[in-house]
Amino acid sequence: MNRTENTVTNPPLPNNYASEFLIIKDGKGVWLRDISGKKYLDFTGGIAVNALGYGRADLAEIAYKQMKSVTHTSNLFTTEPVLQLAVKMVRSWNFSAVHFSNSGSEANETAIKYARLYSSRVKGKDSHKLLCFSNGFHGRTLGALSCTPKAKYQEPFMPLLPGVTIAEYNNTEQLLELADSTYAGIIVEVVQGEGGLDSMTEDFARALNETCKKYDILLIADEIQTGLSRTGTFYASEGVGLQPDIITLAKPLAGGLPLSATLIPDKVNDLIHVGEHGTTFGGGPVTTAVASKIWDILSDKDFIEEVKQKGDYLNKLLSDLKSRHGFLGSVKGKGLLAGIRYRGRAKGKDDKAVQDDIQRIMSTAREEEGLLILRSGTDVLRFAPPLIISREELALGVEKLESVFKKIF
Ligand code: PMP
């Protein structure tokens, strides 16, 4: 392990992460500071987690108070914070219950299990299949991974779940051809956060709604990255008219504490028996107490409208940026889950050259401009800043990005 004044190389963390890490010390608002004191404008938001930004004394106070009282009870008992949050969550749409867990993967794992349970009890044991989509991302546990069709993620861990079909995202015709009553669930993102920021079309949303109704397939909207106002509507599903039976949530739910949720309707909850699913840590009093406060802030109509307007502003800034640089492609995403495609600097550039350029853009942004950004898919620069970001900070981030282009190209 080697250290510089603000980075560490080869720490005792598994090789599935980078070999070099920036060491973060603290943060305030949308700014992070490393251990050398250097500041960074954070367009990563902890990968769409830190919706309310850093250094939130109000959230820390809630966690502190709850930890002094009772930190964990197990799901043999419940507590007021759990009940308060669960009631708010089921009222947010037409849900009957919420299963809390610890990560996005687990929320999807739960959704997959519930879909199978429902389908086997209503349609029979043979109706266990799952449909997912190209460039989708649903997590790293084996069930969720089975619905995440990327060779790099899947191949070392084969065999995965049987009965998973991959269809092309936004291809209505193919969906109608493939679907039948042997499917238990269809899992889908409204904006593909990890896979390149493609957005669901309204036509595809309608086809998903109708297909799922026709064959009694449970429609699972993975809103782990898009949910809780990030795309300018509380649920991204609302924005395109998707009518999911199940919604999964995680990233911003508890402000960086590990909490995820699987929201289910009556028809599923009615069929589940005691002991058929469970978790030790999922939905403890500390995470839910913090999440309750976050829920109130993120579900406020004015807050959502503000995110929408800031998303439109970021979209305009990125469109203007694109018009000034021929190597940039389409502006992608929705609201404050936005991105821009990097096409490469010359025709005929191979993938490797594009990858190297993107790596250089990201590291120059960090080292020379103090701007932290993400990638989505292979060639999209992704921005998922805290939702409390100001217009000035959005403009500053895009200015910094343009300075990076000027420096290296
Ligand atoms: N679904 C989506 C849409 C995600 O973006 C992610 C995480 N990037 C997951 C599922 C998995 O979440 P986790 O890493 O918390 O398991």
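Quantities reported herein were computed from a predicted structural model and do not represent experimental measurements. Counting convention: from 1, in listed order, for ligands and their atoms alike. Numbers here simply count residues along the sequence, with the first being 1.
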With salt bridge (charged side-chain N to carboxylate O under 4.0 Å, His left out) as the test, pick out the partner of Asp379 among Lys352, Lys332, Arg341.
Arg341
Presence of salt bridge, Asp320 and Lys316, under 4.0 angstrom
yes
Any non-hydrogen atom of Lys251 lying under 4.0 Å from ligand 1?
yes
Counting from 1 in the order shown, the ligand 1 atoms closer than 4.0 Å to a non-hydrogen atom of Asn108 are 1 (N), 10 (C)
Sub-4.5 Å side-chain heavy-atom contact between Leu130 and Cys147:
yes
Only heavy atoms of Ser103, strictly under 4.0 Å: list the atoms of ligand 1 that pass.
15 (O), 16 (O)
Distance from atom 15 (O) of ligand 1 to nearest protein heavy atom, with residue and atom
Gly104 N, 2.8 Å
With a cut-off of 4.0 Å, which atoms of ligand 1 are near a heavy atom of Gln225?
5 (O)
Could you see which bit of Glu194 sits under 4.0 Å from ligand 1, with heavy atoms only: side chain, backbone, both or neither?
side chain
Atom 1 (N) of ligand 1 - nearest protein heavy atom and its distance
Asp222 OD2, 2.7 Å
So, do Leu219 and Gln243 sit near enough that their side-chain heavy atoms are less than 4.5 Å apart?
no
Can you list the ligand 1 atoms lying under 4.0 Å from a non-hydrogen atom of Ile224?
1 (N), 2 (C), 4 (C), 6 (C), 9 (C), 10 (C)
Mind checking whether Ser105 has an N or O less than 3.5 Å away from an N or O of ligand 1?
yes
Output yes when Lys123 and Asp216 qualify as a salt bridge under the 4.0 Å nitrogen-oxygen rule, no when they do not.
no
Heavy atoms only, cut-off 4.0 Å: how does Arg140 contact ligand 1, side chain, backbone, both, or neither?
neither
Hey, which atoms in ligand 1 end up nearer than 4.0 Å to a heavy atom of Glu189?
3 (C)
Is Ile47 close enough to touch ligand 1? Criterion: a residue heavy atom under 4.0 Å from a ligand atom.
no
Run the numbers for me: atoms of ligand 1, each under 4.0 Å from some heavy atom of Phe137, listed by number.
1 (N), 2 (C), 3 (C), 4 (C), 6 (C), 7 (C), 8 (N), 9 (C), 11 (C)
So, are Glu194 and Arg140 salt-bridged, with charged N and O less than 4.0 Å apart?
no
Does any N or O of ligand 1 fall below 3.5 Å from an N or O anywhere on Gly139, backbone included?
no
Before giving the answer on side chain to side chain donor-acceptor pair (under 3.5 Å), spell out for Thr226 and Glu189 the whole-Å C-alpha distance, their side-chain angles and the decisive distance to 0.1 Å.
CA-CA 8 Å; Thr226 56; Glu189 292 158 276; over 6 Å; no
So Phe327 and Phe405, would you call those rings parallel, tilted or perpendicular, with 30° and 60° as cut-offs?
perpendicular
Tell me whether Glu276 is salt-bridged to Arg121, with the criterion being a basic N under 4.0 Å from an acidic carboxylate O.
yes
